[in-house]
Chemist: 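First the structure, which I've put down as structure tokens, then a few questions once you've had a look.
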Amino acid sequence: MTAVAEKLNLEERLKSIFGDRVRMDRIECKMYSYDVGALPGLVKPFLPVGIPSGVVRPKTEEEIFRLVKLAKEEGLKLVPRGMSTSGFGGVLPDNGAIVVDLSGMNKVIAIDKENLLVTVEPGIIWEALQTKLHRAGLDLILYPTSLPSSTVGGLLAQGGTGFGGYEYGLFKENVSEATVIFPDGELKTVSKEELLLYIADLEGITGIITRITFKVRKLEPEIHRLVSFTDSQKVENVLEAVRKADLPIWSITLQNPQAMRLKKQIPIRKGHPYEERNRRREPELPETYVLLLAYPASRRKDIDPGLEQMIQEHSGVELSEEAAEHEWQERFKPMRFKRVGPSLIPTEVVVPLARLSKVLNEIDEKIKHPLVLEGMAVKGDKVVLLGFIPHDERTFGFNMAFALSLSVIEIAKKHGGSSYSTGLYFRREAKNVLGTERYEKVKNFKERMDPDGIMNPNKVLGRGVIDTIMGTAATLEPIIRPFANAATAPFGEAVRQGKKKGIPADVAYYATACARCGYCVSTCEQFSGRGWESQSPRGKYHYIREVIAGREKFNPETVNNFLLCTTCEACNIRCQLDMPVEHNWMEMRGTLIHEEKRMTFPPFEMMAASVRGERNIWAGKKEKRANWVPEEIKPKIKEKSDVLYFAGCTASFVNTDVAQATVRLLDKAGIEFTYMGTDEACCGIPMKVAGKWDVFEEIFEHNVSEARKRGAKTIVTSCPACALVWKELYAELAKEKGIDYDFEVKHYSEIVSEAIKEGNLTFDHEVHQRVTFHDSCHIGRAQGIYEQPRDMLKAIPGVEFVEMEHNREEGLCCGSVLTLVGETPVAPKLGGNRLQEAIDVKADTVVALCPCCQVQLRDSNIKNQFNLKVTDLARIAMEGLGYDIEDKTEYSMEMWGYFEKFIMLMKPEVLADIMASLFKPMFDNMPSKMVSMMKAMKRTPGGLAMMEKMMPTLMPKMVPDLMPKVMPDMLQEVSRRVGPLPDDMEELMPDLLPKTMESLMPNMLPLIIPYITPKMIDYIQKNL
Ligand SMILES: Cc1cc2nc3c(=O)[nH]c(=O)nc-3n(C[C@H](O)[C@H](O)[C@H](O)COP(=O)(O)OP(=O)(O)OC[C@H]3O[C@@H](n4cnc5c(N)ncnc54)[C@H](O)[C@@H]3O)c2cc1C
Ligand code: SF4
Ligand code: SF4
């Protein structure tokens, strides 16, 4: 069998187990070939790792069981993976291995409240488990600093501890049993003893953990205290004293003076103006050693008196409660220093508490770079030290400076400590980390159970060139150290000038800086609808790194990965480096689509034609844009006014109830306003997110000039995206162009909630509904408007208001517009996730204030067969004032139905089909010489095969000339396929379709050719 056939055969066999949860394409596989650690370029080539040949995402033990059987039959290597947040190379795949991504096995199997135990699948993320436990009145006994992203199985397999380690020790010590699938295919629930010997800390080399039962504790309010010490000896002394006195403290963590100093120098994200206005004031923190202590409030009386005395005795200074809470909130960000690298040289060791001060002093003495250290006191007499030196992997000096990570390990070993873990990079330390006796037992076990080495090869026990290199470097450490210390890098956000392989400089910098911590992955809307790393922010930054390294070039599929992002901005909030993640994808749209003229999602070309001709995206006629205005409001609209109501496209043409309710509300609140009427144009956001920035610019100029004509100073919108555009995107463009721009921008909910507060508006009709509120991303995370819509709802008598699990800053995105347009079948999954949260809190009505969210949520409501009511905020508010505004649900679904038909129509395979139905008029209109040539080729043996090969060259030459000639036939064919359209759309189509095809074809043709070529050859054969 050829290699290709073998791969196809394997793919089929994997699909028979995992269905569509298998990927074997190179780009996706690359996304599973890295972890948090980054070795220097000079060392990387010696690592026994590569790109996996496939990735599978099991959901059940049965699937893993079948996979192991297949692996044995086919000699496959399997690499278990949680969320890849470890940094010792344990999750890096052997070239050609199959990565087993366990993050989809993420259920809580049982909670035993009586015995304080929980049983989970291995892929559950600590944070998700904590939320579930909190709901049951329970809490985690301990968790790693990577709680927002790492998995329970990962911590057991990697070995480790975290917050709570002072009371509970290492995680493995708290696990009562685990179920494992061994390399020989046996599925076994192992006892604690077996687990401690053959499973924990072993990075999956002995089997895949599928279930874990471990201790939990009762949820209690917690006390956090922050104490400063001027030298390391005092820190050691106080920790010894606390230990000896057996104070029942739950968690003790430590930061060194460098950490306290350098974190003040990390820049904040230049976010939205409201974020900058509302940024929390950072407390003044000393640049000393600082201990952060946490314990349940119920233990205060057992801890506080003794602790206070010890702090005093050892000259500690207790810092303010505000400072303690601040540090507690910031505890999940140990890698934030990468923002000023863009790289970090990591090191992680375990040292005896009795030697802590000596270790810290020796590190200070020997390492001249700024070394940020965070420590965790662990039950017994150990302290885990995690260190980072900010550096720049783009410089040669990084290769030298990296040796300092070994210096720290050597210092720790000298004082009776060890490396924290083994993985791949430190497997030569395995005897030291595991202990010689355990090491030998594990080795024998592995040889017996896995003679073919199918489970995570090369990790923990292996030996190779990399170990020799690391060993030599460790031996020569004293000689290398002066050079390593001399190889400094500037500290700061070192964004280089210009573009790097076409990537804007700031995006390139952030791609390198991304810590790969994965905090942004599970909450990313784009990722959660698909489950593949390429669809996550972490994956996208990795892809950009590959492009910068010259190993990848953008293609239509990878461009789409950047377009599919819903712009929800959850990633901005989650990023521990506080990077402008979503803003980077917006910049990439400008680069890829606007500058490089690559293909955007095809339906946006039709929207662009409609926006340019009719100033709206819905293919409605511009002269009908103001038809929604209620008769009784018309006379009240001023020709000129300080306040201008901007309705936007969807509220003007589709969900007209939104605009109607809004203007009535404004009127009731006593606001005088003007309106652009038929002169209003789309705000342009669809063009901005589609990368069609030239159209966006035209719109900007039009709308700003129309607003000025009417004397507007304040723009009021009902659509969150329109507000964002007027508030920020137009303002940025105006700044770029040097135009004065000083509009104040408000969402109507801000005005109405203010009117309610001031007693200028009172709802006097009861609305009996159990209501929840969907925070639109563009008004929430992008503008910080969370409370005003809630204030409105709560002011309506009869409304029973409930919150969904994710609300305000954490609110889930509805899944519109990019996914709805770009990958329509995924959109109802995302909308379904959101609506399910409403069902979970037993709401009967979901209130949204964004017309586009409403379309998406209504569509998802139907497609998921939910029975919720989705309504508009202004509309329900008008009900509270006794008005019954016509419900536009059905109409908006009908309009969306036409939209959806066009989306489906613009797929390459469908367009090929449409073009094939036009062969007759195409050939009739072709130059006669061309037709003769084709006839001649048909008669020539092998001619048609040659013709087939020529199609990629011929088609782009033929189609632009032919398209206008066959357009009447194309219109007919399109009309036949989509069925009757609304009258205005039908009338506009002869104008819109040719313009759409003209913009679309240069990029679309190469995608159509593979589909159309066989059809054309067939046509020539039969009809010429
Ligand atoms: C910001 C940050 C903070 C961190 N803080 C801590 C900390 O406080 N304490 C700490 O100990 N570590 C910490 N780490 C390291 C890392 O997060 C932990 O080791 C974590 O437990 C790894 O979980 P994971 O799901 O990412 O596993 P992965 O990195 O995916 O895997 C880790 C190892 O376990 C194996 N593995 C994963 N799942 C299974 C399974 N089900 N069966 C068998 N083998 C499996 C993998 O092959 C790999 O060898 C931190 C990392 C980051 C980025
Ligand atoms: S903006 Fe939302 S969808 Fe886009 S990458 Fe960030 S989290 Fe994912
Ligand atoms: S983008 Fe931020 S949160 Fe996501 S992996 Fe990178 S550093 Fe972590």
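Start at 1 and go down the list; that is how both ligands and their atoms are numbered.
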Chemist: Are Lys263 and Glu327 close enough for a salt bridge, meaning some N to O gap below 4.0 Å?
Modeler: yes
Chemist: For ligand 1, is Gly165 a contact, meaning one of its heavy atoms is under 4.0 Å away?
Modeler: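 Distance cut 4.0 Å: Gly165 fails for ligand 1.
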Chemist: I'd like to know whether ligand 1 has Met376 as a neighbour, heavy-atom separation below 4.0 Å.
Modeler: yes
Chemist: According to the interplanar angle, ranging from 0 to 90°, do the rings of Tyr541 and Trp585 count as parallel (below 30°), tilted (30 to 60°) or perpendicular (above 60°)?
Modeler: tilted
Chemist: Do Glu127 and Arg574 sit within salt-bridge range, that is, some charged N less than 4.0 Å from a carboxylate O?
Modeler: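 Yes.
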Chemist: Distance under 6.0 Å and angle within 45° of the ring axis: does Arg530 meet both against Trp532?
Modeler: no
Chemist: Can you confirm, on distance only, whether ligand 1 has an N/O atom lying under 3.5 Å from any N/O atom belonging to Glu348?
Modeler: no
Chemist: May I ask you to identify the nearest protein heavy atom to atom 11 (O) of ligand 1, giving residue, atom name and distance to one decimal place in Å?
Modeler: Tyr420 OH, 2.6 Å
Chemist: Is the shortest distance from a heavy atom of Phe332 to ligand 1 less than 4.0 Å?
Modeler: no
Chemist: Any carboxylate oxygen within less than 4.0 angstrom of a Lys/Arg side-chain nitrogen, looking at Lys379 and Glu167?
Modeler: no
Chemist: Any atoms of ligand 3 less than 4.0 Å from a non-hydrogen atom of Ala515? List them with their elements.
Modeler: 6 (Fe), 7 (S)
Chemist: Could you check whether Arg21 pairs with Glu63 (Lys NZ or Arg NE/NH1/NH2 to Asp/Glu carboxylate O, under 4.0 Å)?
Modeler: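 Yes, Arg21 and Glu63 are salt-bridged.
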Chemist: Test your reading of the structure: does Ala157 have an N or O sitting under 3.5 Å from an N or O of ligand 1?
Modeler: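 For ligand 1, there is no N or O atom that lies under 3.5 Å from one belonging to Ala157.
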Chemist: Is there an N/O/S atom in Cys520 at a distance below 2.8 Å from atom 8 (Fe) of ligand 3?
Modeler: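 Given the 2.8 Å cut-off, Cys520 does not count as a ligand of atom 8 (Fe) of ligand 3.
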Chemist: Just jot down the ligand 1 atoms closer than 4.0 angstrom to any heavy atom of Ser84, in number order.
Modeler: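 In order of numbering, the contacting atoms are 26 (O), 28 (P), 29 (O), 30 (O).
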Chemist: Below 4.0 Å, non-hydrogen atoms only: which portion of Asn572 touches ligand 2? Side chain, backbone, both or neither.
Modeler: neither
Chemist: How far does CD1 of Ile212 sit from NZ of Lys172, to the nearest 0.5 angstrom?
Modeler: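 One gets 14.0 Å once the value is rounded to the nearest 0.5 Å.
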Chemist: Yes or no: does Val581 have any heavy atom under 4.0 Å from an atom of ligand 2?
Modeler: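 In this structure, Val581 fails to qualify as a contact of ligand 2 - no heavy atom is under 4.0 Å.
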Chemist: Does ligand 1 have a heavy atom under 4.0 Å from the side chain of Glu203, from its backbone, from both, or from neither?
Modeler: both
Chemist: Show me which atoms of ligand 2 lie under 4.0 Å from any heavy atom of Glu569.
Modeler: 1 (S), 2 (Fe)
Chemist: From the options Pro93, Ser86, Gly37, Gly82, select the one whose nearest heavy atom is closest to atom 37 (C) of ligand 1.
Modeler: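 Shortest heavy-atom distance from atom 37 (C) of ligand 1: Gly82.
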Chemist: Compute whether any side-chain donor of one residue and acceptor of the other, for Gln158 and Asp201, lie under 3.5 angstrom apart.
Modeler: no
Chemist: Residue-level breakdown please: for Phe88 versus ligand 1, do any non-hydrogen atoms fall below 4.0 Å on the side chain, on the backbone, on both, or on neither?
Modeler: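 Neither; nothing of Phe88 gets under 4.0 Å from ligand 1.
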Chemist: Would you say ligand 1 has an N or O under 3.5 Å from any N or O of Met83?
Modeler: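 Such a contact does occur with ligand 1.
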Chemist: Relative to Tyr509, does Arg339 satisfy both conditions: NZ or CZ under 6.0 angstrom from the six-membered ring centre, and within 45 degrees of the ring's axis?
Modeler: no
Chemist: Quick one: do the His778 and Thr567 side chains pair a donor with an acceptor below 3.5 Å?
Modeler: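 Side-chain D/A pair, His778 to Thr567: present.
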Chemist: Among Phe171, Tyr143, Phe163, find the one that has a ring-ring contact (aromatic ring centres under 6.0 Å, His included) with Trp126.
Modeler: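 That would be Phe171; it is the only one of Phe171, Tyr143, Phe163 passing the ring-ring contact (aromatic ring centres under 6.0 Å, His included) with Trp126.
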Chemist: Quick one: look at Cys514 and ligand 3, take heavy-atom pairs under 4.0 Å, and tell me if it's side chain, backbone, both or neither.
Modeler: both
Chemist: Within the structure, does Pro80 bring an N/O atom to less than 3.5 angstrom of an N/O atom in ligand 1?
Modeler: yes
Chemist: Taking distance alone, with no angle check, do Thr85 and ligand 1 share an N/O pair under 3.5 Å?
Modeler: yes
Chemist: Between Gln576 and Lys338, is there a side-chain donor-acceptor contact under 3.5 Å, judged purely by atom types and distance?
Modeler: no
Chemist: I'd like the name of whichever of Cys575, Cys524, Cys813 reaches closest to atom 8 (Fe) of ligand 2 through any heavy atom.
Modeler: Cys524
Chemist: Kindly identify the option in Ser146, Ser103, Gly89, Gly153 whose heavy atom sits closest to atom 2 (C) of ligand 1.
Modeler: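 The nearest heavy atom belongs to Ser146.
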Chemist: To the nearest 0.1 Å, how far is atom 2 (Fe) of ligand 2 from its closest protein heavy atom, and which atom is that?
Modeler: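 Answer for atom 2 (Fe) of ligand 2: Cys568 SG, 2.3 Å.
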Chemist: Rounded at 0.5 Å granularity, tell me how far OG in Ser33 sits from CD in Glu533.
Modeler: 10.0 Å
Chemist: Measure the distances from the heavy atoms of Lys540 to every atom of ligand 2 and state whether one is below 4.0 angstrom.
Modeler: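 It does, in that a heavy atom of Lys540 comes within the 4.0 Å cut-off of ligand 2.
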Chemist: Would one find an N or O of Pro334, backbone or side chain, under 3.5 Å from an N or O of ligand 1?
Modeler: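 By distance alone, the answer is no.
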Chemist: Could you list the atoms of ligand 2 found under 4.0 angstrom from a heavy atom of Glu582?
Modeler: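 Result: 1 (S).
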Chemist: Which one of Thr253, Leu156, Leu102 has a non-hydrogen atom at the shortest distance from atom 39 (C) of ligand 1?
Modeler: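 Checking each option, the heavy atom nearest atom 39 (C) of ligand 1 is found in Leu102.
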Chemist: Could you tell me whether Arg516 approaches ligand 3 through its side chain, its backbone, both or neither, with non-hydrogen atoms closer than 4.0 Å?
Modeler: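 It is the backbone that gets close, since no side chain atom is under 4.0 Å.
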Chemist: Check for me whether Arg81 has a heavy atom closer than 4.0 Å to any atom of ligand 1.
Modeler: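 Arg81 counts as a contact of ligand 1 under the 4.0 Å cut-off.
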Chemist: Out of curiosity, is Asn456 lining ligand 1, as in a heavy atom under 4.0 Å away?
Modeler: yes
Chemist: With a 4.0 Å cut-off on heavy atoms, is Pro537 in contact with ligand 3?
Modeler: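 False for this residue.
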Chemist: Is there a donor in the side chain of His272 and an acceptor in the side chain of Glu728, or the other way round, less than 3.5 Å apart?
Modeler: yes
Chemist: Looking only at distances, please establish whether an N/O atom of ligand 1 is found under 3.5 Å from an N/O atom of Thr145.
Modeler: yes
Chemist: Does Cys777 bring an N, O or S atom to under 2.8 Å of atom 2 (Fe) of ligand 2?
Modeler: no
Chemist: Taking all heavy atoms of Ile454 and all of Asp450, pick out the closest pair and write down the distance.
Modeler: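 Nearest pair, atom of Ile454 first, then Asp450: N-OD1, 2.8 Å.
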Chemist: In plain terms, say whether Arg781 and Glu275 are close enough for a salt bridge, that is, a side-chain N and a carboxylate O under 4.0 Å apart.
Modeler: no
Chemist: I'd like to know if the side chain of Thr151 and the backbone of Ile125 have a donor-acceptor N/O pair within less than 3.5 Å.
Modeler: no
Chemist: Within the structure, does Thr151 bring an N/O atom to less than 3.5 angstrom of an N/O atom in ligand 1?
Modeler: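 Yes, there is a polar N/O contact under 3.5 Å.
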Chemist: Which bit of Gln576 is near ligand 1, meaning a heavy atom under 4.0 Å away: side chain, backbone, both or neither?
Modeler: side chain
Chemist: Counting non-hydrogen protein atoms only, what is the nearest one to atom 6 (Fe) of ligand 2? Give residue, atom name and distance.
Modeler: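 For atom 6 (Fe) of ligand 2, the nearest protein heavy atom is Cys571 SG, 2.3 Å.
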Chemist: Which ligand 2 atoms, with their elements, are less than 4.0 angstrom from a heavy-atom of Gln526?
Modeler: 3 (S)
Chemist: Considering heavy atoms of the protein only, find what lies nearest to atom 1 (S) of ligand 3 and give residue, atom and distance to 0.1 Å.
Modeler: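 That would be Tyr541 CE1, 3.7 Å.
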Chemist: What do you reckon, are the aromatic ring centroids of Tyr198 and Phe445 less than 6.0 Å apart?
Modeler: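 Centroid distance Tyr198-Phe445: below 6.0 Å, so yes.
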Chemist: Side chain, backbone, both or neither: which part of Asp35 has a heavy atom under 4.0 Å from ligand 1?
Modeler: neither
Chemist: Could you tell me the residue and atom name of the protein heavy atom closest to atom 42 (N) of ligand 1, and the distance to it rounded to 0.1 Å?
Modeler: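 For atom 42 (N) of ligand 1, the nearest protein heavy atom comes out as Ile209 N, 2.9 Å.
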Chemist: Return the residue, atom name and 0.1 Å-rounded distance of the protein heavy atom closest to atom 5 (S) of ligand 2.
Modeler: Trp585 NE1, 3.3 Å
Chemist: Looking only at protein heavy atoms, identify the closest one to atom 4 (Fe) of ligand 2 and say how far it is in Å.
Modeler: Cys565 SG, 2.4 Å
